[in-house]
Amino acid sequence: MALRPDDGFRGRADDVYEILVRAHRDLDEAESAALTTRLVLILANEVGDLDVIREAVALARRTLQKEAIAGSGSASGREPV
């Protein structure tokens, strides 16, 4: 099983984003990190497929690395090889 290529939120991704932002409102950094960890574990349990979870983690790390590279001020905007 692979990550879904379609819009799993059925056009309501902004609503999901708002739910997540509100969940972190008024939390300090440690509470926010704890909430995120708990949420990830709950959702990973709901997914229940180790291969999908592994693929999602890899995608998240690649995305994080691309954001770090983009924010580094590279004039070319290209990733290093």
Side-chain angles (χ1 to χ4, degrees):
M1 182 177 199
L3 290 176
R4 67 185 325 152
D6 62 325
D7 178 4
F9 301 119
R10 296 180 183 93
R12 300 195 64 194
D14 287 344
D15 294 336
V16 174
Y17 180 80
E18 182 63 27
I19 289 167
L20 295 172
V21 168
R22 286 183 182 199
H24 288 268
R25 199 167 281 153
D26 300 324
L27 299 180
D28 64 27
E29 189 173 335
E31 292 168 329
S32 182
L35 173 67
T36 297
T37 300
R38 286 177 173 87
L39 180 59
V40 166
L41 290 172
I42 290 166
L43 294 175
N45 183 66
E46 189 65 26
V47 168
D49 184 318
L50 189 59
D51 290 335
V52 171
I53 294 166
R54 188 175 285 121
E55 188 177 345
V57 169
L59 176 61
R61 287 190 61 96
R62 283 192 309 271
T63 303
L64 182 65
Q65 291 166 351
K66 287 179 183 178
E67 286 180 8
I69 291 169
S72 68
S74 170
S76 70
R78 295 179 13 206
E79 292 182 39
V81 179

Between Leu59 and Val47, is there a shared hydrophobic cluster once you connect ILVMFWY residues whose side-chain heavy atoms come closer than 4.5 Å?
-> yes
Asp26, CG atom: more than 12 neighbouring heavy atoms under 6.0 Å | no
Val16 reachable from Leu43 in the ILVMFWY side-chain graph, under 4.5 Å edges = yes
Assess whether side-chain contact (heavy atoms from CB on, under 4.5 Å) is satisfied between Arg4 and Val52, documenting all intermediate values.
-> CA-CA 9 Å; Arg4 67 185 325 152; Val52 171; over 6 Å; no
Derivation of the side-chain contact (heavy atoms from CB on, under 4.5 Å) call for Leu20 and Thr36 = CA-CA 9 Å; Leu20 295 172; Thr36 297; over 6 Å; no
Hey, what do you get for NE2 (His24) to CD1 (Ile19), rounding to the nearest 0.5 Å?
-> 12.0 Å
Walk me through it: do Arg54 and Asp51 pass the test side-chain contact (heavy atoms from CB on, under 4.5 Å)?
-> CA-CA 5 Å; Arg54 188 175 285 121; Asp51 290 335; 3.3 Å; yes
Supply the members, apart from Leu27, of the Ile/Leu/Val/Met/Phe/Trp/Tyr cluster built from side-chain contacts under 4.5 Å; use none for a lone residue.
-> Leu35
So, Asp6 side chain and Gly8 main chain: donor-acceptor pair closer than 3.5 Å or not?
-> no
Would you check if the side chain of Ser32 reaches a backbone N or O of Asp28 as a donor-acceptor pair within less than 3.5 Å?
-> no
